[in-house]
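Before any comments, here is the structure.
All heavy atoms count here, side chains included; hydrogens, waters and symmetry mates do not. We name chains A, B, ... by the order of the sequence lines, and we start the count at 1 in each one. Just so it is clear, the model here is predicted, and its values are computed rather than measured.
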There are 2 protein chains.
Amino acid sequence: MHSELVASRSAEHRDSRESKNGTPHLDAVSLAIIEQLQEDGRRPYAAIGKAVGLSEAAVRQRVQKLLDQGVMQIVAVTDPLTVGFRRQAMVGINVEGDVEKIAEALTDMAEVEYVVMTAGSFDILAEIVCEDDDHLLDVINKRIRALPGVRSTESFVYLKLKKQTYMWGTR
Amino acid sequence: MHSELVASRSAEHRDSRESKNGTPHLDAVSLAIIEQLQEDGRRPYAAIGKAVGLSEAAVRQRVQKLLDQGVMQIVAVTDPLTVGFRRQAMVGINVEGDVEKIAEALTDMAEVEYVVMTAGSFDILAEIVCEDDDHLLDVINKRIRALPGVRSTESFVYLKLKKQTYMWGTR
DNA sequence: CGCCACGGCTGCGAAATCCGCAAGACTCCG
DNA sequence: CGGAGTCTTGCGGATTTCGCAGCCGTGGCG
């Protein structure tokens, strides 16, 4: 079950070439495959192969590897509001001490859907998905602020989601 | 080509029942189907049917409808940093006048991947995906700040993406 | 009440797709 | 030159997808 995107670091068989930060090297063909799947995650391998100039089996193997490596995941995405989660918020967090450690702790919370370390007036931005106000309040005040090292937080409750895309590459 | 999630408003055939805000009604079975596809966007219809207690064809129809309605999209998602976009940022924006109008304008920019209207010290949060610093600078300073009505902006450049999930429901 | 239209579900075959396997081609390196 | 590793290709067989026809429960309407 590949839930996380970044965490997976199996590193079993040494790959072609890794750039120094540890991310696997992606050639133009893999990029093209990803691009295809960003348009339609269920597009058949044969169609993708035709588009990128590869055989069906080749595409299948590359896709499988991309999934195994955690470079990409194929999933259904929705507007949470449509699916019954009525409160969402972005929370900006300031940390004293080990930022990475706090980020890890946030990662472990089920309600936290998105965690990114940033430069600027916040150390961390975290997106939270909750069922209602009580739930949201609980997560922010009882759980996040309770983490040792969290100096302060600022919340931005979502009013309306206007855009959500996954198609860099199609430009 | 369903790129946007929220924008789609075809409204051709009147649906079963809509709640007052215009979002289609989702029963427990459709929720369960979405949940299945959040785990694996390529899971076969038959397997989903077995899991939610429906025939293969029924699942197929419901999935197709969910896609057509724009309730859900099945796509590949990646960490943009891995795919060659080296600069990302969240931008908080303050607006004077029509917030919705600014949000629409942001929606039309290719580099803007995520737009949400919020309550709090920003009116809008927008996520930007760029190829390099110059590109990012250009988008923020030349394009966003140039929009009439944008009072001020604050940028949070991404240092590291720690978590990215799409599995509310699997709790 | 009877009738009909409609949406959703089921159960099939036919076509397309997925998947595993084995063999060839290519690159890199000692 | 040889070998290891990876990528690619080309198959069958199992699986899945797709389209269609039929069935059923609901709701509108005379």
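If you take CD of B/Gln61 and P of D/dC20, they are 12 Å apart, rounded to a whole angstrom. Rounded to whole Å, the distance from CZ on B/Arg42 to P on D/dT16 is 14 Å. Atom pair B/Ile48:CD1 and D/dT16:P shows a separation of 11 Å (rounding to whole Å applied). Counting to the nearest Å, the P atom of C/dT10 and the OH atom of B/Tyr45 are 16 Å from each other. Here the P atom of nucleotide C/dG8 and the CG atom of B/Leu26 are 13 Å apart, to the nearest Å. We find that CZ of A/Arg43 is positioned 17 Å from C1' of C/dC18, with the value rounded to whole Å. Atom CD of B/Glu56 is separated from atom P of D/dG19 by 12 Å (rounded to the nearest Å). A/Lys50 places its NZ atom 16 Å from the C1' atom of D/dT9, with the value rounded to the nearest Å.
Set against D/dC7, D/dT9, C/dC18, the side chain of A/Leu54 has D/dT9 as its closest nucleotide. Considering only the side chain of A/Pro44, C/dC18 comes nearest among D/dT9, C/dT10, C/dC18. For A/Ala57, the side-chain atoms get nearest to D/dT9 when compared with the rest of C/dT17, D/dT9, D/dT17.
Close to C/dC9, at under 4.0 Å from its OP1 or OP2, lies a side-chain N or O of B/Arg62. A close approach under 4.0 Å does occur between a side-chain nitrogen or oxygen of A/Lys65 and OP1 or OP2 of D/dC7. An OP1 or OP2 oxygen of D/dT8 is reached within less than 4.0 angstrom by no side-chain nitrogen or oxygen of A/Arg60.
Clustering ILVMFWY residues whenever any of their side-chain heavy atoms sit less than 4.5 angstrom apart, transitively, puts B/Val59 in the very cluster that holds B/Val29.
Between A/Phe122 and A/Phe156, the two ring planes are perpendicular [angle over 60°; tilted spans 30° to 60°].
Taking both residues in full, the closest heavy atoms of B/Gln164 and B/Thr78 are given as OE1-O, 3.6 Å, listed atom of the first, atom of the second, then distance. Across all their heavy atoms, A/Leu125 and A/Gly92 have their closest contact at CD2-CA, 3.8 Å.
Going from atom CG of A/Asn141 over to atom OG1 of A/Thr153 covers 7.0 Å, rounded to the nearest 0.5 Å.
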